[in-house]
There are 2 protein chains.
Amino acid sequence: MNPSIFDRHDIRICIVEDDHVIRNGFKEILQDVRDFQVINTYSNCEDFIHHMEHDKPNVVLMDIELPGMNGIEGILCIKKKHPKINVIVVTVYENDQLVFDALCAGAGGYLTKNMPPERLKEAIFEIIQGGAPMSTSIARLVVASFQRNQTSPLSKREMEVLILLAKGKSYSSIAEDIFVDKETVRTHIKNIYFKLEVHSKEDALKLAKKEKWI
Amino acid sequence: MNPSIFDRHDIRICIVEDDHVIRNGFKEILQDVRDFQVINTYSNCEDFIHHMEHDKPNVVLMDIELPGMNGIEGILCIKKKHPKINVIVVTVYENDQLVFDALCAGAGGYLTKNMPPERLKEAIFEIIQGGAPMSTSIARLVVASFQRNQTSPLSKREMEVLILLAKGKSYSSIAEDIFVDKETVRTHIKNIYFKLEVHSKEDALKLAKKEKWI
DNA sequence: AATTTATCCCCCAATTTGGGTGACTTCCGA
DNA sequence: TCGGAAGTCACCCAAATTGGGGGATAAATT
């Protein structure tokens, strides 16, 4: 359960960050930690990617806004070639879409720059041990993304139908799933469209997703 | 940035846990913490729900496997009436589906029972401050759920088409989106079906979701 | 040179979809 | 107890979609 010496010794770290003050700050914080080796620091993604075969890092601290290739693209590129490299995003941005894009791209953690230096060290141990270090606000964002507003104007049954519709099912298939007649499904969908003021499956699903009903 | 005294004083806590040893253990751990008040403990959801109006907790520690109503149903019920109550799941289960069900139901945190007692206290402060306390393994599960296996047999263009199909778009609508002829979309979809060995939109999407391509 | 990818064209028939209208039951809140 | 949702099913209609068959061409990759 506790991290053994084997889990954490010799953790090879690279830093990709265009602001040299922050870059060196992180290096300062990390380089004297036992088990950590700051292999190299880079001011852009391209440089890192050219050297990653040689650097063989376990963990990369990655900024998002970078000259040239941005952090998201960078993560995609890194993960494509070396899926085992752990990327922790370290940025000032807490924008929803950026967070999700980074996680989808393969980031294993997401920290905001206003954290105490201790948190950075912890985060690296955490990701090596199979965790996913996140700032509190980011964790909340991520967890909230699972939760749906259930304040839709649709009835329970209508929501059921809408969710099945979202799976790409046809009316007949939905009917079989919920053990009613195809005509009933049609009626539900007509009512859904009426309530949502839309006239097609596409628009209904777009609205429902925007409002986080599904 | 730092938690002020106003953020954390008088945190009202309820515990829902059927094992009385664990239930009392948690109570012991929490009751002497400054700012914490353990209002009540319950061995099942129903009892808690009957008292929550009176208890007015800020945080509920909730087990999943409970006699009668289970934890997931319990969370739904609590959140429906009092969306502001913070529910932290505390369980032995690390089953993927259970974690996601709990988060979808409205859990604001998810801890496994094998944590140090300190972690429980931290977690309560964390959720009050707008965070989402999770065990490391849970955080990893959650983050991993954003990441897609990009090892599908489909080409880039085919993936694009499949993703738009998953949004409920018609062939014509997809064609407009990617600036090609409807016939081209049809060809892509035929090729997708051939590669995936399916014969309908529903089956293609089901497979793609199962394999986490979309 | 062969394969994959991406683009487009034609034909065909069954199914799906969206809209209109109406009807019956049940259940809940005012 | 009355009215309104909610849920169920029916029938009509026309347009659109879908899935499957057969091609073709050009570019890129292997």
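In what follows, every chain begins at residue 1, and chains take the letters A, B, ... in the order their sequences are listed. Just so it is clear, the structure is predicted and the values come from calculations on it, not from any experiment.
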Gap between atoms CG and C1', on B:L165 and D:dG19 respectively (whole Å): 12 Å
For atom CZ of A:R157 and atom P of C:dC27, their distance in whole Å: 15 Å
Atom pair distance, as rounded to whole Å: CD1 in B:I189 and P in C:dA6: 14 Å
N or O in side chain of A:Y193 less than 4.0 angstrom from C:dG18 OP1/OP2: yes
Distance in angstrom units between B:I192 CD1 and C:dT4 P, rounded: 17 Å
Given C:dT16, D:dC11, D:dG19, the nucleotide with the shortest approach to the side chain of A:E183: D:dC11
Per B:H199 side chain, nearest of listed nucleotides D:dT8, D:dG20, C:dT7: D:dG20
Whole-Å gap separating C1' (D:dG7) and CD1 (A:I178): 10 Å
A:T187 (side chain) and D:dC9 (base): donor-acceptor pair under 3.5 Å: yes
Nearest to side-chain heavy atoms of A:H188, which nucleotide of C:dC9, C:dT7, D:dG7: D:dG7
Closest to side chain of B:K201, choosing from D:dT18, C:dC8, D:dG7: D:dT18
B:S155 side chain, from C-beta outward: closest of C:dG18, C:dT5, D:dC9: C:dT5
For A:D47, all residues meeting salt bridge (charged side-chain N to carboxylate O under 4.0 Å, His left out), sequence neighbours excluded: none
Under 3.5 Å donor-acceptor pair, B:K190 side-chain atoms to D:dG21 base atoms: yes
Passing candidate, side chain to side chain contact (heavy atoms under 4.5 Å, CB included) with A:V16, options A:V90, A:T41, A:L66: A:L66
Distance test, side-chain N/O of B:S172 to OP1/OP2 of D:dT17, below 4.0 Å: yes
Under 4.0 angstrom between B:R186 side-chain N/O and C:dC9 OP1 or OP2: no
Any residue meeting salt bridge (charged side-chain N to carboxylate O under 4.0 Å, His left out) with B:K169, in chain and number order, not counting sequence neighbours: A:E202, B:D177
Proximity of B:Y110 and B:F100 rings by center, below 6.0 Å: no
Euclidean distance, atom CZ of residue A:F194 to atom P of D:dG4 [Å, nearest integer]: 14 Å
C:dT5 phosphate, OP1 or OP2, under 4.0 Å from B:K195 side-chain N/O: yes
Lys/Arg-Asp/Glu bridge criterion (N-O < 4.0 Å) met for B:E126, B:K121: no
Flag side-chain contact, heavy atom, 4.5 Å: B:K195 against B:L154: yes
Of B:V180 and B:P153, the one whose closest DNA chain C nucleotide lies more 5': B:P153
Length of the CD1-C1' vector between A:I174 and C:dT17, whole Å: 12 Å
Separation of D:dT8 P from A:K182 NZ (nearest whole Å): 17 Å
5′-ward residue of the pair B:L154/A:S170 relative to DNA chain C: B:L154
